[in-house]
Amino acid sequence: MAGKSAAPGVGILLVTANVGTLFDDTENLQKNWLREFYQTVHAQKPQFLSLHCQEVGGKNYEASMSHVDKLVKDLLSSDAMKEFNRARVYLDENYKSQENFTALGSFYFLHESLKNVYQYDFKAKKYRKVTGKEIYSDTLESTPMLEKEKFPQEFFPESKSSRKGFIRTRWCITDCAFDLVNIHLFHDASNVIAWESSPSIYSGIRQKALSYVLNSVTDHRLEKVPFFVFGDFNFRLDLKSVVETLCAKTTMQTIHAADTNAVDKLVFRESENDHKVVLQIEKKLFEYFNQEVFRDNNGTALLEFDKELSVFKDRLYELDITFPPSYPYSEDSSQGKQYMNTRCPAWCDRILMSHSAKELLLKSENDERIVLYDHIGPNICMGDHKPVFLSFRIATGAGKTNAHVHKCCVVQ
């Protein structure tokens with residue numbers, strides 16, 4: 001029974017999920033996804049649940065609107081969620097406004113056992129007590145309970161229809177205030193271009209966008225509070241280094257496009273053994289002969305190539321990763337562990353936090369594992385991304401030093 005636990009503090013569950021492919025096969029994928037999500041909620045028993053979704057509606061958003069509504073209805077009314085008696089849902093559905101559309105969806109659920117939860121009104125600059133269940137959609141720009149922004153076009157000029165950006169909300173639970181930021185950063189447009197340099201040009205674009213978000217969240221407009229930023233960061237392994245390691249004893253063949261002479265394909269073959277093909281790379285192809293390397297020991301051997309967060313180590317903290325790369329999984333509903341041969345598998349979906357937020361996580365006084373960072377549906381097809389979650393507890397009064405600030409801001 002969710003939320004009913006003898007453990008100290010308040011149970012928090014943060015989940016990030018790129019749900020774009022769920023709308024391509026709602027009958028199978030969405031059903032599997034919801035079942036695994038509900039099982040995670042049941043197992044972790046949170047009192048405060050935050051679900052950050054990216055690519056809500058999928059590639060064909062207009063045609064998927066009814067499926068989005070069904071997903072929201074299921075999350076709000078299913079038996080698995082019946083003990084969560086308050087909710088806030090923020091859906092960016094304004095797909096006709098390309099300058100603003102992010103396809104982000106932020107869901108927040110409050111368990112009946114959790115009393116006196118407040119959400120920040122960014123316009124009135126006051127906290128408001130959360131009651132009932134409310135859904136906000138379409139033009140979120142007019143909603144005072146959040147800050148939303150799409151990244152400037154010049155961040156990723158080659159993508160004319162990019163839906164990348166962030167949504168920020170602020171909460172106060174047991175006198176502890178914190179921000180929750182839903183984020184979607186830019187992808188690698190071409191495997192070939194990503195391979196050409198270390199770090200890749202795409203890594204630099206993501207670094208610029210993430211810096212933009214962090215600067216916005218920590219600027220001087222508002223009181224600084226701990227924050228959690230979680231979503232699809234699109235962080236990729238350093239592809240040049242990965243290929244050098246995986247193909248150390250191979251010869252490389254470069255195939256150029258006939259019309260432009262640009263590199264179109266890379267083929268790596270064993271020097272012996274009948275020149276067996278080990279790896280092929282194209283713009284949207286990454287076909288390595290042995291996928292087990294990405295699954296063995298949860299891909300731990302590849303973590304040394306996961307470098308994009310390192311430049312933010314003074315600003316962001318992440319628990320140790322003990323789950324396999326979260327993307328790109330097969331969209332075949334019968335395949336739960338198979339990766340697609342489109343990209344090099346990577347830990348795209350992450351839950352990060354400020355160093356001050358790290359201090360909110362309740363420490364265990366014994367060997368009980370009260371902080372868990374993992375993925376959802378390890379053996380089930382969940383679409384091309386596996387959702388990732390962080391389960392922890394906040395000590396009552398963890399933010400007491402600022403309690404007077406938060407209490408005096410409350411508007412009932």
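Given the structure is predicted, the values throughout are model-derived calculations rather than measurements. Counting from 1, the numbers follow the sequence of the chain as shown.
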Report task. Inspect the contact between Asp188 and Lys283 and indicate whether a charged nitrogen and a carboxylate oxygen are less than 4.0 angstrom apart. Result -> no
Query raised in the report: Any side-chain heavy atom of Cys348 sitting closer than 4.5 Å to one from His385?
Result: yes
**Report entry** Minimum heavy-atom distance Pro226-Ser356, with the two atoms named
**Finding:** CA-OG, 3.3 Å
**Report entry** Min side-chain heavy-atom separation Leu239-Phe286 under 4.5 Å
**Finding:** yes
Query raised in the report: Under the 6.0 Å and 45° cation-pi test, does Lys164 pair with Phe151?
Result: no
Query raised in the report: Is a donor on one side and an acceptor on the other found under 3.5 Å between the side chain of Glu55 and the backbone of Gly20?
Result: no
Query raised in the report: Within a radius of less than 6.0 Å around NZ of Lys133, do more than 12 heavy atoms belonging to other residues, nucleotides or ligands occur?
Result: yes
**Report entry** Salt bridge flag under 4.0 Å for residues Arg206 and Glu308
**Finding:** yes
**Report entry** Check against ring-ring contact (aromatic ring centres under 6.0 Å, His included), Tyr212 and Phe155
**Finding:** CA-CA 10 Å; Tyr212 184 86; Phe155 278 23; 5.4 Å; yes
Report task. Please examine the side chains of Lys249 and Ser271, heavy atoms only from C-beta on, and report whether any two atoms are closer than 4.5 Å. Result -> no
**Report entry** Neighbour count >12 (heavy atoms, 6.0 Å) for atom CG, Asp320
**Finding:** no
Query raised in the report: Do the charged groups of Glu318 and Arg350 touch, with an N to O distance under 4.0 Å?
Result: yes
Query raised in the report: Closest heavy-atom contact between Leu316 and Ser354?
Result: CD2-N, 4.5 Å
Report task. With Glu147 as reference, evaluate Arg170, Lys123, Arg168 under the salt bridge (charged side-chain N to carboxylate O under 4.0 Å, His left out) test and give the passing residue. Result -> Arg168
Query raised in the report: Trp171 vs Phe48 aromatic rings, parallel, tilted or perpendicular, using cut-offs 30° and 60°?
Result: perpendicular
**Report entry** Closest non-hydrogen atom pair between Arg88 and Gly132, with its separation
**Finding:** NH1-O, 3.0 Å
Query raised in the report: Does a side-chain heavy-atom distance below 4.5 Å link Leu91 with Val68?
Result: yes
**Report entry** Salt bridge Asp92-Lys148, side-chain N to carboxylate O under 4.0 Å
**Finding:** yes
Requested in this report: Taking the six-membered ring for Trp and the full ring for Phe, Tyr or His, determine whether the centres of Phe228 and Phe230 are under 6.0 Å apart.
Outcome: no
Query raised in the report: Are any of the side-chain heavy atoms of Ser241 and Lys307 separated by less than 4.5 Å?
Result: yes
Query raised in the report: What is the ring orientation for Phe186 with Phe156, classed by angle as parallel under 30°, tilted 30 to 60°, or perpendicular over 60°?
Result: tilted
Query raised in the report: Is it the case that more than 12 heavy atoms not belonging to Asp274 sit under 6.0 Å from its CG atom?
Result: no
Query raised in the report: Could you go step by step and tell me if Tyr327 and His187 meet the side chain to side chain donor-acceptor pair (under 3.5 Å) rule?
Result: CA-CA 12 Å; Tyr327 171 85; His187 62 280; over 6 Å; no
Report task. Step through the shown structure and confirm whether more than 12 heavy atoms of other residues, nucleotides or ligands are within 6.0 Å of CD on Glu272. Result -> no
Query raised in the report: Looking only at heavy atoms, which two atoms of Gly383 and Tyr329 are closest? And how far apart?
Result: O-CB, 3.6 Å
Query raised in the report: If we only count heavy atoms from C-beta on, is the Arg343 to Lys284 side-chain gap below 4.5 Å?
Result: yes
Report task. Might you point out which heavy atoms bring Gln335 and Cys381 nearest each other, and give the distance in Å? Result -> O-CB, 3.2 Å
Report task. Report the distance from atom CD1 of Ile376 to atom CZ of Phe37, rounding to the nearest 0.5 Å. Result -> 6.5 Å
Query raised in the report: If only atom types and distance count, is the side chain of Ser190 paired as donor or acceptor with the main-chain N or O of Ile193 below 3.5 Å?
Result: yes
**Report entry** Note, Arg393 side chain near Gln47 side chain (heavy atom, < 4.5 Å)
**Finding:** yes
Query raised in the report: Is it the case that Lys96 places NZ or CZ above or below the six-membered ring of Phe101, under 6.0 angstrom from the centre and within 45 degrees of the axis?
Result: no
**Report entry** Check against ring-ring contact (aromatic ring centres under 6.0 Å, His included), Phe227 and His355
**Finding:** CA-CA 9 Å; Phe227 62 87; His355 290 280; 9.6 Å; no
Query raised in the report: Would you say the side chains of Tyr108 and Thr169 form a donor-acceptor pair under 3.5 Å?
Result: yes
Query - Which atom of Pro378 lies closest to which atom of Lys337, heavy atoms considered - result: O-CG, 3.6 Å
Query raised in the report: Are Tyr120 and Phe122 close enough that their ring centres sit under 6.0 Å apart?
Result: yes
